[in-house]
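Read the structure below first, then the notes.
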Number of protein chains: 2
Amino acid sequence: MHNMSIHNRGCQSPRQPNVRQRMHAYEKIRTEMLQRISQQVWPAGSSLPHEEQLAEEFGVARGTVRRAMEQLVDQGLLERKRKAGTKVAARNAHSSTLTIPVVRREVTDSGAEYGYSLLSARKGGRPLDRSGYFAGAPLLHICCLHLSDGRPYQLEDRLINLAVVPEAEVQDFSEISPNEWLLQKVPYSSVCTTLKAEAADAKQSRHLQIAQHSPVFVIERQTRLDKQQVTLVRMSHPAAGFSIITQTNWIDIPDPE
Amino acid sequence: MHNMSIHNRGCQSPRQPNVRQRMHAYEKIRTEMLQRISQQVWPAGSSLPHEEQLAEEFGVARGTVRRAMEQLVDQGLLERKRKAGTKVAARNAHSSTLTIPVVRREVTDSGAEYGYSLLSARKGGRPLDRSGYFAGAPLLHICCLHLSDGRPYQLEDRLINLAVVPEAEVQDFSEISPNEWLLQKVPYSSVCTTLKAEAADAKQSRHLQIAQHSPVFVIERQTRLDKQQVTLVRMSHPAAGFSIITQTNWIDIPDPE
DNA sequence: AAGTGGTCTAGACCACCGC
DNA sequence: CGGTGGTCTAGACCACTTG
């Protein structure tokens, strides 16, 4: 019922066919409210009854109707203010949850065979194309390639802050990718992700085996712990055959009886 | 390169500088637990104390500690099972919330002046490059261009199902874009968004004023209401100067005193 | 079977903010 | 000021699932 990426991250309601799952009160209420919004019984901008009124209507405690409403607020469908009450929000954006899994999983989940190859690892790299990020910290610069069924899938170009992650210096990245190693080993408190399209430069075209200037899909990610940069990575995919898909279902699909 | 959509998650409290905001019990507890996870007091894979134990430790009711934990579960940092207890999740993905606002807002929020121009609107278009979607429903096919400070910003290529949205047939789209009109007028129950990079075709290069085959960032979106397709849209941006940014802050930044 | 998380209640009190 | 949503409690009962 929540937003999910297609790749993994199972929706928490795995439905058994022919099994009517018990629906909790707050789920029933949330679904009912969702329907009233969709069918414009409560049109955009209109006010809803108070919590107490709804609690009485649905025959539950106030806390239960609150729980249903909270989720709708999180989805951006309702707006609440203390004295003003609850209104149906005017939509001015599409929101969904983006999930970018470990590359290996991404590949294997698609049914392909995963391959990995370390291209280079050396100390003392400079921040890729920006400056000031790592404030003179000792850096490890790693380049590696992820393969799907033997074909280049993703080029990973990464800087690791050895002041924060000293273990990285002695870690052997010829078998495990820094992508996977870091995600599991190193904690972080803040992540900034950038998605963009670019024309392939020489390095990208060579390793991804595509024509120069052909489009690549780039995911850049900065990871911080407290106020220190942990790592900065650029992941480039050949545009052909790569996309990110997110799906959002506001309303649960009822089982065909 | 100013265009972007930003969204953060996990730190929904806008802080006033120099104003120590009252922190609720569940916020304090959530922050404390976040710190223990970040600092590996509770390392990945380890088990946490039971709810009752934590409630006692923090001096609150069980429901309050539950509320804090629920948010951490939503963020994918904790995993809970009934008899097994609560464990720190092994991270195998980066999640964040992606927000794609109405184009006009996206442009004006970046400080630029918004412009709009309708290119074509005609009945009876066919599904863009796929088939079977609209099942023979009457369609309206609209092309339009969004401008930022007079420069082409986004090409919008859209099909609208007139069986679901009959008002669209008589709506004048020369002043308001279908993007904006639909989002505010028409309810939907399910959205599927695809992000990808492509090489510009003739139409894209002409309207976006970029060289053919140069990279474009494409956002495709299918919107359904119940089981009917409402609209299918392809939004193409010149890759240079367009990106999508998401930021996730697990831990609130404490105010400098 | 027992222990854990999950739901729900009934009520108290608080804090914000529109009237 | 008063009404609304927001927080918190203490406790009951349920349902899952693992040891």
Side-chain angles (χ1 to χ4, degrees), chain A residues 1-2 10-16 19-33 42 45-89 252, chain B residues 11-16 19-33 37 42 45-89 252:
Chain A
M1 85 213 97
H2 249 53
C11 200
Q12 51 273 60
S13 52
R15 296 242 181 274
Q16 302 288 343
V19 173
R20 162 59 61 209
Q21 207 152 319
R22 172 170 160 63
M23 253 223 188
H24 293 123
Y26 77 92
E27 292 177 304
K28 278 189 247 175
I29 293 170
R30 187 192 54 201
T31 301
E32 172 61 23
M33 298 177 82
W42 293 336
S46 65
S47 283
L48 272 59
H50 317 156
E51 290 183 341
E52 307 240 14
Q53 291 173 29
L54 287 168
E56 193 186 355
E57 179 194 338
F58 291 120
V60 297
R62 184 184 156 215
T64 303
V65 70
R66 268 195 70 73
R67 179 161 184 188
M69 296 182 91
E70 259 170 35
Q71 306 194 359
L72 300 179
V73 171
D74 286 345
Q75 292 184 352
L77 292 175
L78 293 181
E79 281 173 354
R80 321 190 71 182
K81 255 186 285 186
R82 296 228 160 168
K83 160 97 181 191
T86 305
K87 293 178 195 295
V88 178
D252 287 345
Chain B
C11 136
Q12 55 274 71
S13 46
R15 298 244 176 273
Q16 301 289 344
V19 172
R20 166 57 62 208
Q21 208 152 319
R22 169 169 163 63
M23 254 223 189
H24 295 290
Y26 78 92
E27 291 178 304
K28 278 190 247 173
I29 294 170
R30 187 191 53 198
T31 302
E32 172 61 23
M33 298 178 81
I37 294 169
W42 292 335
S46 65
S47 283
L48 272 60
H50 316 157
E51 291 184 340
E52 307 239 13
Q53 292 174 28
L54 288 168
E56 194 186 356
E57 179 194 338
F58 292 121
V60 297
R62 183 182 158 217
T64 303
V65 70
R66 268 195 71 73
R67 178 162 184 186
M69 295 181 91
E70 258 170 35
Q71 305 192 2
L72 300 178
V73 170
D74 286 345
Q75 291 183 354
L77 292 174
L78 294 181
E79 282 174 354
R80 320 191 71 183
K81 255 186 287 185
R82 297 226 156 160
K83 160 103 182 193
T86 304
K87 293 177 194 295
V88 179
D252 288 345

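Any value given below was found using the heavy atoms of this structure, including those in side chains, with hydrogens, waters and symmetry copies removed. Letters go in sequence order (proteins before strands), and every chain restarts at 1.
For the pair B/Met69 CE and C/dT4 P, the computed distance is 12 Å after rounding to whole Å. For the pair B/Arg67 CZ and C/dG5 C1', the interatomic distance rounds to 18 Å; values are reported in whole Å.
When all heavy atoms are compared, the tightest approach of B/Ala89 to B/Gly76 is CB-O, 3.4 Å. Taking both residues in full, the closest heavy atoms of A/Lys87 and A/Ser47 are given as NZ-OG, 3.2 Å, listed atom of the first, atom of the second, then distance. When all heavy atoms are compared, the tightest approach of A/Ala25 to A/Val60 is CB-CG1, 4.3 Å.
Screening A/Lys81, A/Arg80, A/His50 for a side chain to side chain donor-acceptor pair (under 3.5 Å) involving A/Thr86 leaves a single residue, A/Arg80.
Residues that satisfy the side-chain hydrogen bond (donor to acceptor under 3.5 Å, both in side chains) test with A/Thr64, not counting sequence neighbours, are absent from this structure. Taking A/Ser46 as the reference, A/Trp42, A/Pro43, A/Val88 meet the side chain to side chain contact (heavy atoms under 4.5 Å, CB included) condition, with sequence neighbours excluded.
Contact annotation: the side chain of A/Glu32 never approaches that of A/Ile29 to less than 4.5 Å [non-hydrogen atoms, C-beta and beyond]. Looking only at side-chain heavy atoms (C-beta outward), A/Met33 and A/Leu77 stay at 4.5 Å or farther from each other.
Counting only residues at least two apart or on different chains, the salt bridge (charged side-chain N to carboxylate O under 4.0 Å, His left out) pairs with a member in residues 56-66 of chain B are B/Arg36-B/Glu57, B/Glu51-B/Arg62, B/Glu51-B/Arg66, B/Arg66-B/Glu70.
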Would you tabulate the pairs of protein nitrogen or oxygen atoms and nucleotide nitrogen or oxygen atoms of nucleotides 15-19 of chain C closer than 3.5 angstrom?
unit_1, atom_1, unit_2, atom_2, d
C/dA15, O4', A/Arg82, NH1, 3.3
C/dA15, N3, A/Arg82, NH1, 3.0

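Less than 4.0 Å separates DNA chain C from at least one heavy atom of each of the following residues of residues 48-65 of chain B: B/His50, B/Glu51, B/Arg62.
From the 5' end on, the contacts that DNA chain D makes with chain A at under 4.0 Å to a non-hydrogen atom open and close at D/dG2 to D/dA15.
Taking side-chain N and O atoms only, B/Thr86 has no distance below 4.0 Å to OP1 or OP2 of C/dT4.
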